Amino acid sequence: MLLILLGVLILHLIILILLIVSTAASAWSVSGDMSTDLWYKCMTTNGGYHCRQASNEDWIQAVQALMILSLLFCFFSLIAFVYQLFRLVKGGRFFFTAIFQILASLFVMCGAIIYTVMCPDDDPGAQFGYAYVLAWVAFPLSLISGLIYIVLRKKE
């Protein structure tokens, strides 16, 4: 049982790291000399690296908010898991932790879907970057983690 709890905790920490990196990294959309993230649009010109703020359009602000919410819910579910690990009665399930983790997965999924649909077409050669991929990887992992928390029972 201890190994299962340790594995779930490590999975949860991996998901949290993936969400932090995908939210903060500047590679949601990349092309030859330009990279775009949720916060800035950066270009390499004349040997210099110049950044300006991302657009103030509603869709990018929605993606920003959803990614921050997914981070917060993932962090709060980690705290809830540790709390329930010590305070939950024997045989109890981690429902509170599971709800927060599943909500985190839904938020990251919605954010990635909105970015996919509304991604700006400034550069025809632009491709999705690693931060975008990390967000999509974090979605099924956090959903699986939430489902594991539903099934998981506290034992002695």
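Please read these numbers as outputs of a predicted model, since none were measured by experiment.
- With I114 as the partner, the side chain to side chain contact (heavy atoms under 4.5 Å, CB included) test is satisfied by one option alone out of D58, L66, I60: L66.
- In this structure I20 satisfies the side chain to side chain contact (heavy atoms under 4.5 Å, CB included) test together with L16, L71, sequence neighbours excluded.
- There is a path of hydrophobic side-chain contacts, each under 4.5 Å, that joins W28 to V117.
- Listed by first and then second residue, the disulfide bond (SG atoms under 2.5 Å apart) pairs that reach into residues 11-66 are C42-C51, sequence neighbours excluded.
- Scanning for ring pair (Phe, Tyr, Trp, His ring centres under 6.0 Å) contacts around F73 gives F100, F107, with sequence neighbours left out.
- Within the structure, side-chain hydrogen bond (donor to acceptor under 3.5 Å, both in side chains) pairs that include any residue of residues 70-88 comprise H12-S77, S77-Q101, Q84-T97 (at least two apart or interchain).
- G146 and A98 get closest at one heavy-atom pair: O-CB, 3.4 Å.
- Counting only heavy atoms from C-beta outward, the side chains of F94 and I148 never approach each other to under 4.5 Å.
- Smallest separation of non-hydrogen atoms from S35 and V30: CB-CG1, 4.0 Å.
- With values rounded to the nearest 0.5 angstrom, S145 atom OG is found 5.0 Å from L11 atom CG.
- The CG atom of L147 sits 5.0 Å away from atom CG of L143, with the distance rounded to the nearest 0.5 Å.
- Hydrophobic cluster membership is shared by I10 and I17, with clusters built from Ile, Leu, Val, Met, Phe, Trp and Tyr side chains linked at under 4.5 angstrom.
- Here the side chains of M67 and V108 are in contact, with some heavy-atom distance below 4.5 Å.
- For F128, the CZ atom is densely surrounded, since the number of other residues' heavy atoms within 6.0 Å is greater than 12.
- Taking CG of L103 as the reference point, atom CG of L72 lies at 12.5 Å (rounded to 0.5 Å).
- A138 and I15 get closest at one heavy-atom pair: O-CG2, 4.4 Å.
- Minimum interatomic distance between A126 and S31 (heavy atoms only, all atoms of both residues): CA-CB, 3.9 Å.
- Here the side chains of I99 and Y149 are not in contact, with every heavy-atom distance at 4.5 Å or above.
- Residue L6 qualifies as enclosed at atom CG: its count of foreign heavy atoms under 6.0 Å is above 12.
- Here the closest non-hydrogen pair linking T36 and K41 is OG1-CG, 3.7 Å.
- Residue pairs that meet the ring pair (Phe, Tyr, Trp, His ring centres under 6.0 Å) test with at least one member in residues 35-67, sequence neighbours left out, are W59-Y115.
- Note that CG of L106 and CG of L69 are 12.0 Å apart. Values are rounded to the nearest 0.5 Å.
- Partners of V137 under the side chain to side chain contact (heavy atoms under 4.5 Å, CB included) rule, at least two apart in sequence or in another chain, are L18, V133, L141.
- Annotation for A112 and Y132: closest pair O-CE1, 4.0 Å, computed over non-hydrogen atoms.
- With rounding to the nearest 0.5 angstrom, the CD1 atom of I68 is 6.5 Å from the CD atom of Q64.
- Contact check for L9 versus L85: no side-chain heavy atoms found under the 4.5 Å cut-off.
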